[in-house]
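The structure under discussion appears below in the form of structure tokens.
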Amino acid sequence: MAAPLVLVVLAAVTVRAALFRSSLAAFIAERVEVASPLNAWKRVVEGLALLDLGVSPYSGAIFHETPLIIYLFHFLIEYAELVFMVTDVLTAVALYLAIQDFNKVVFKKQKLLIELDKYAPDVAELVQTPMEMHYIPLKVALFYLLNPFSVMSCVAKSTCAINNSVIAFFILATIKGSAFLSAVFLALATYQSLYPLTLFAPALLYLLQRQFIPIKLKSKSFWLYTMQYASLYLCSLVVIICLSFFLLNSWDFIPSVYGFILSVPDLTPNIGLFWYFFAEMFEHFSLFFVCVFQINVFFYTIPLAIKLKEHPVFFMFVQIAIISIFKSYPTVGDVALYMAFLPVWSHLYRFLRNIFILSCVLIFCSFLFPVLWHLWIYAGSANSNFYYAITLTFNIGQILLISDYFYAFLRREYYLTHGLHLTRQDGTEAMLVLK
Amino acid sequence: MELQDQAEQFFRSGHTNNWAVLVCTSRFWFNYRHVANTLSVYRSVKRLGIPDSHIVLMLADDMACNPRNPKPATVFSHKNMELNVYGDDVEVDYRSYEVTVENFLRVLTGRIPPSTPRSKRLLSDDRSNILIYMTGHGGNGFLKFQDSEEITNVELADAFEQMWQKRRYNELLFIIDTCQGASMYERFYSPNIMALASSQVGEDSLSHQPDLGIGVHLMDRYTFYVLEFLEEIHPASQTNMNDLFQVCPKSLCVSTPGHRTDLFQRDPQNVLITDFFGSVRKVEITTETIALDRDPAAFESKFPEDELATEPLKYAEQLPVAQIIHQKPKQKDWHPPGGFILGLWALIIMVFFKTYGIKHMKHVF
């Protein structure tokens, strides 16, 4: 499987290099859908220039990257394009290896459940076979590398690519079962953008499953392992934050990075839901609604953990999607990350109900973003409501996509245990509904 | 010997030409007195010899042709309409809305677009004595222009510093007649500036007399008494600055006038009024040659030698452009502290070994 992967990587690198050399690179780098105040390349360059002039980069409201990114780019700023291409390749390779391992785990679990007679007799067509699972890792790498969203994000040199890569390594470490590495990478991801904190739950569930520790609230080994993992995670987070203090000898980066993410002061339009709402809100209410919106991101973790505790990797997928929809400054790079996982659930295709209309919505909205931006900002014949409408539609499309996959997944699980042909009590055919 | 004494008089002060910048910053009919103030100073200055080409007169509003003026084409400075300071030979260089902070600062610093006519420029050089008179409404640290913007004392001080660095004046006399006027000269830091103000910080400058025929106050007190003082000056007067400081005591002016001479090199005793208010050219023809040696006492510098340019600069050297444009600032690069790099790599190596175990080391090596 290495050769096709290498081919895919080469193709992706060629596409990116071609775009870097073309005139589109400058155009893409300015687009608000690709570069947000948190991860724009322009701001990284500005921060490093300020540092060369002897001023702390956090002194203005421009630079919101973490000190480790400063350190990374201080030495690599001339090779920036190469760095981002390598980052994308690393992400794809990490996802490839992770999904490969995951497939083995899925297959083993399936075999165990079949031997234990947990499956209904007529579900042979639902069971995944190694044949069809063989190409999934390659498809995942392909989906990530050749996704127009991730190509644009790489060409714009948005540091979202670095965040994606850290999350991909976290997923790899989790699936391989190494609690320590997974905690370290999760701490790095949380350190960079606050939201991967919610991925703690699926990672914990997966590791517990791997260690065969039952997830009961009274079980002592459950709490012991949870404490271990939590302490590993928190310790690495604290260590990384303290280390960042020593870069500039100040704690300025905490309000500039985390304060900025949480309090959303910059209302530049992006593909998210925050900007329009807060642009038209009175000052009086903004604190309350900021809290509500931020809680919204973290809110789904516990219910999903309860529902999906047997399927932590799917939980991780849904959680990543929720982060990239509801985070304060989303970009298309975040969308590219969870879309890379879609081939893993390709066996759910027969249960997806709205996939055609949703894919149409997502594709059309992606094309309409620059059009309506042009109409609003340059031509002046539209206004922010148009762009906001497309933002809303895009996010609704994403949310419906995720809930569709959620529905399809649960439906398949139900069918696996209860048989394909469900009947109601009076014998007529029944239909599963997600309540 | 007498001739030598007389000839030495030429070098008593270092200036060879005089300029005046007279600014009235208020508009509206009830600020008639500010226009009258400025025009009165204009008249005196012209009478004492400064020609129109060397006067930049900025009036923010037109009182003479104001529809509320019962005597059109006149501006009176004395009640009972004794003295018309407008006349028919007044040359206003910046009129009405052209009197802005930006234009004022551009006039002072000389940073004017090339299309500006000569009458609107302050073409002074390093041997010019400049009189700057400002009047209007002011407060602690600012002066209001046109009811919509203001100039601060810091900006004014910086503008004067620019003038000094560009060698645009030899000595400068700054007179301001506004409320809390002394605050405007507090921030000056350039050499050779003498400043007078009509009131101290916290005091208001008051107007003099209303004229019941015109219906407004015609002059401000401080300027009124300064003008009375100037009426006695003629081009050959030997009256010095100390007398000007005594003008308008508190009993007459209600506010306390202030002055500042610490930046000025010469003793105010030795500074003639006509050094600033007039353009005195004394030409005497003599057939004898006179040997002159400079009197060191008259030029005792208050500042250390290295702060001032001791030799007169040639015109081309006035702004060393060549030096400035070829000088690049030294790039001081920032490097991350050693402790940070050490800590980071130590952590990375620790994580690496924790995951892969020390026992794999022998495979690596």
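Note that these values count all heavy atoms, side chains included, but never hydrogens, waters or copies made by symmetry. Below, read A as the first sequence line, B as the second, and so on, with proteins coming before strands; counting in each chain starts at 1.
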Heavy-atom proximity to chain B below 4.5 Å, by part of [X]:
X	value
Ile240(A)	neither
Ser236(A)	neither
Phe245(A)	neither
Leu247(A)	both

- Query: Looking at Phe84(A), does the NZ or CZ of Lys157(A) lie under 6.0 angstrom from its six-membered ring centre and within 45 degrees of the ring axis?
  - Reply: no
- Message: Which residue in the set Trp164(B), Trp19(B), Phe174(B) passes ring pair (Phe, Tyr, Trp, His ring centres under 6.0 Å) when paired with Tyr169(B)?
- Response: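 Of Trp164(B), Trp19(B), Phe174(B), ring pair (Phe, Tyr, Trp, His ring centres under 6.0 Å) with Tyr169(B) is met by Trp164(B) alone.
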- Any side-chain heavy atom of Phe145(B) within less than 4.5 Å of one from Val23(B)? yes
- Query: Is a side-chain donor or acceptor of Asn103(B) paired with a backbone partner of Glu98(B) at a separation under 3.5 angstrom?
  - Reply: yes
